[in-house]
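Below you'll find the structure, written out as structure tokens, and then a few comments.
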Amino acid sequence: MQTVLLLVAFLLPAGARAGEIIGGQEARPHSHPYMAHLQIDTPTGQITCGGFLVREDFVMTAAHCMGSSILVILGAHNIGRQERTQQQIPVRRIIPHPDYDIQDNRNDIMLLQLESRARINRFVRPLRLPHSRSRLPPGTTCTAAGWGLIGLNRRTQTLQEVRLRVQRDEPCTRRFRFYNGLTQICVGDPTERKSAFKGDSGGPLVCNYVAQGIVSYGNSVGTPPAVFTRIKSFMPWVRATMGYLDQSEAQP
């Protein structure tokens with residue numbers, strides 16, 4: 001049974017919809033200046049997700065991180081402190097992909113338009129997005145990061161990171177009924193205990209300084225591989241959405 005990765009694993013029973021960095025380490029402070037921590041209000045309470053800045057006024061995340069309102073925190077390392085580097089910006093528009101399917105987690109991508117532009121500095125900086133024709137061959141080593149759990153009931157408030165290897169589609173095709181290699185990436189060596197699982201939904205898979213994937217879902221016990229949304233497949237929608245909002249706001 002596949003498990004959608006929401007970031008509040010410590011609020012949920014084992015095997016529920018959740019996510020975490022497994023087998024990683026604490027990141028060097030502010031070495032991932034694109035990372036965003038999302039505080040999300042939902043009808044059942046507040047949850048958190050990861051995300052990443054892609055423009056001064058847009059954050060990208062997973063569509064299953066939806067809520068009625070979202071606060072974005074940029075420039076954070078220890079999310080439990082009021083660090084001077086942090087910028088807290090409310091979300092103006094929550095824009096999930098129009099074809100997102102909550103039942104099988106297809107098209108699990110969302111844009112968040114910020115209420116105000118982020119101040120770009122060495123602590124807060126956008127992450128590059130892929131070209132529609134860029135390739136991501138199996139064997140490529142990438143990085144995932146997040147503030148999720150680091151073990152069963154082991155919480156962390158500092159950003160964690162892990163190196164993960166892109167796999168061929170077959171391990172995920174066998175494991176996950178709805179896996180689609182055209183719009184998803186199979187990530188994580190099955191022989192290693194390294195994965196994004198309980199706590200990192202919406203965070204980026206960064207390969208050669210480019211965001212190639214978004215943490216989407218994995219199995220209920222967190223063994224790799226896990227499934228990431230393939231960003232390049234959605235670049236026409238991303239460009240069109242941002243362009244439309246730019247145009248509409250430029251009109252008097």
Side-chain angles (χ1 to χ4, degrees), residues 5-12 17-42 44-62 64-92 94 110 112-127 143-164 194-206 209 211 214-215 222:
L5 303 179
L6 292 181
L7 226 138
V8 284
F10 51 89
L11 300 178
L12 301 173
R17 298 158 82 88
E20 85 190 49
I21 287 290
I22 296 172
Q25 61 188 8
E26 182 175 346
R28 180 169 54 84
H30 310 294
S31 57
H32 304 280
Y34 46 81
M35 286 297 297
H37 187 269
L38 311 183
Q39 296 181 353
I40 305 160
D41 290 324
T42 76
T44 56
Q46 190 176 83
I47 63 171
T48 57
C49 269
F52 50 105
L53 192 69
V54 295
R55 209 174 76 176
E56 292 93 334
D57 53 346
F58 278 95
V59 163
M60 185 174 287
T61 186
H64 74 259
C65 294
M66 279 187 285
S68 56
S69 66
I70 300 177
L71 178 68
V72 169
I73 302 176
L74 302 168
H77 177 66
N78 187 326
I79 206 63
R81 296 178 181 169
Q82 292 288 330
E83 298 166 315
R84 64 177 181 80
T85 56
Q86 292 181 13
Q87 300 178 36
Q88 298 190 12
I89 308 175
V91 169
R92 181 177 182 181
I94 299 171
M110 182 163 65
L112 305 175
Q113 185 183 29
L114 303 180
E115 192 66 57
S116 60
R117 291 176 179 268
R119 300 185 307 277
I120 303 304
N121 52 42
R122 69 188 182 95
F123 307 108
V124 175
R125 193 175 307 153
L127 181 59
T143 301
W147 287 273
L149 298 185
I150 56 174
L152 187 61
N153 298 321
R154 291 178 60 208
R155 306 181 190 184
T156 179
Q157 293 183 317
T158 56
L159 186 67
Q160 305 291 306
E161 64 182 3
V162 66
R163 299 283 284 171
L164 300 172
K194 294 181 179 181
S195 185
F197 174 52
K198 292 184 180 174
D200 305 297
S201 288
L205 181 73
V206 181
Y209 307 103
I214 303 170
V215 179

**Study point:** Side-chain heavy-atom pair Q87, V124 within 4.5 angstrom cut-off
**Key:** yes
Review point. Any side-chain heavy atom of L114 within less than 4.5 Å of one from V72?
Key: yes
Exercise for review: Verify the distance criterion only: is there a donor paired with an acceptor across the side chains of S69 and D41 at less than 3.5 Å?
Suggested key: yes
Check your understanding: What heavy-atom pair brings L127 and F52 nearest, and what distance separates the two atoms?
Key -> CD2-CD1, 4.0 Å
Review point. Is any side-chain heavy atom of L74 less than 4.5 Å from a side-chain heavy atom of I89?
Key: yes
Check your understanding: Do M110 and M60 come close enough that some side-chain heavy atom pair is under 4.5 Å?
Key -> no
Practice item. Determine whether L159 and W147 make a side-chain contact, defined as any pair of heavy atoms from C-beta on separated by less than 4.5 Å. Key: yes
**Study point:** E26 and H77: side chain donor to acceptor below 3.5 Å
**Key:** yes
Check your understanding: Does any non-hydrogen side-chain atom of H30 lie less than 4.5 Å from one of T85?
Key -> yes
Exercise for review: Taking the side chain as every heavy atom from C-beta outward, state whether Q82 and Q88 have any pair of such atoms under 4.5 Å apart.
Suggested key: yes
Review point. Would you say the side-chain atoms of T48 and Q46 include a donor-acceptor pair closer than 3.5 Å?
Key: no
Review point. Can you name the nearest heavy-atom pair linking G75 to E83, along with the distance?
Key: O-OE1, 4.2 Å
Review point. How far does OH of Y34 sit from CZ of R125, to the nearest 0.5 angstrom?
Key: 11.0 Å
Review point. Should L112 and I70 count as side-chain neighbours, where that means a heavy-atom distance under 4.5 Å?
Key: yes
Review point. SG of C65 to CD1 of I94: how many Å apart, nearest 0.5 Å?
Key: 11.0 Å
Check your understanding: Closest approach of A36 and V59, non-hydrogen atoms and distance?
Key -> CB-CG1, 4.2 Å
Review point. How long is the gap from NE2 on H37 to CE on M35, to the nearest 0.5 Å?
Key: 9.0 Å
